[in-house]
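Report on the structure given below.
One is the number of the first residue; the rest follow in order along the sequence. Order of listing sets the numbers, starting from 1, for every ligand and every atom in it. Remember, predicted model here, so these are calculated numbers, not experimental data.
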Amino acid sequence: MSDKGAPTDEEAATLRDRLDRDAKQGGYNLNPDKDFTLELARGLLINGSRYGYWACPCRLADGTKDKDLDIICPCDYRDRDLNEFGACYCALYVDDDIRDGKKQAKPIPERRPSETERNRVGPDKSLVTSKDATAGISGLKYPVWRCTVCGYLCAREEPPLVCPICKAKKDRFERFI
Ligand code: SF4
């Protein structure tokens, strides 16, 4: 950090490059606009220093980790926004078409429930809760998707774009439950 506590360009670039490597290893893409992702990486570092965790740089964090869990980067909404819009809310992560310049990232609507809704139903978790488990399979909150390549299972509204285990594409997933 600089004397004033703001991340230096070098620190932001180091984080951006790390995010880029991690994204590739996980089958994701960082936005190819390096100046743009540098500023998002800087925002993550600022939030990391301010809150102790990487709150989404494009959203207003509460500052309480429990209340911000769903927007710690990568947020709970990334994959659904990638599926539907080709980019996460901040456009830090993009799909193959945007990465390859075949289409542009556009502003996308906020998917995160309002604070009132979050307080009513809790964070928008894609996990099966203990309540779901006791309710049995018929009470599952989300469908379960199975990667037909490696058997990876995930409970969420849609399968991921890429299997985090074997990197198989979305179309290799089948509905399991
Ligand atoms: S919208 Fe993008 S940058 Fe923001 S937390 Fe989600 S994944 Fe990270």
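Between E115 atom CD and D62 atom CG the span is 6.5 Å, to the nearest 0.5 Å.
Proximity annotation for atom 7 (S) of ligand 1: of C75, P57, C56, A87, C75 comes nearest, heavy atoms only.
For the pair R111 and Y77, the cation-pi test (distance below 6.0 Å, angle within 45°) is failed. A cation-pi geometry, defined here as NZ or CZ lying under 6.0 Å from the six-membered ring centre and within 45° of its normal, does not hold between R80 and F85.
Within ligand 1, counting atoms from 1 as listed, the ones closer than 4.0 Å to a heavy atom of Y93 are 7 (S). Within ligand 1, counting atoms from 1 as listed, the ones closer than 4.0 Å to a heavy atom of R59 are 1 (S), 6 (Fe). Ligand-side atoms of ligand 1 in range of L92: 3 (S), range being under 4.0 angstrom from any heavy atom.
Between atom 2 (Fe) of ligand 1 and C73 there is no N/O/S contact shorter than 2.8 Å. Not one N, O or S atom of C90 sits under 2.8 Å from atom 8 (Fe) of ligand 1.
A salt bridge links D9 to R42: at least one charged side-chain nitrogen sits closer than 4.0 Å to a carboxylate oxygen.
With respect to atom 2 (Fe) of ligand 1, the closest heavy atom belonging to the protein is C88 SG, 2.4 Å.
Heavy atoms of other residues, nucleotides or ligands lying less than 6.0 angstrom from CD of E174 number more than 12.
Shown here for L92 and C73, the closest heavy-atom pair between the two residues is CD2-SG, 4.1 Å.
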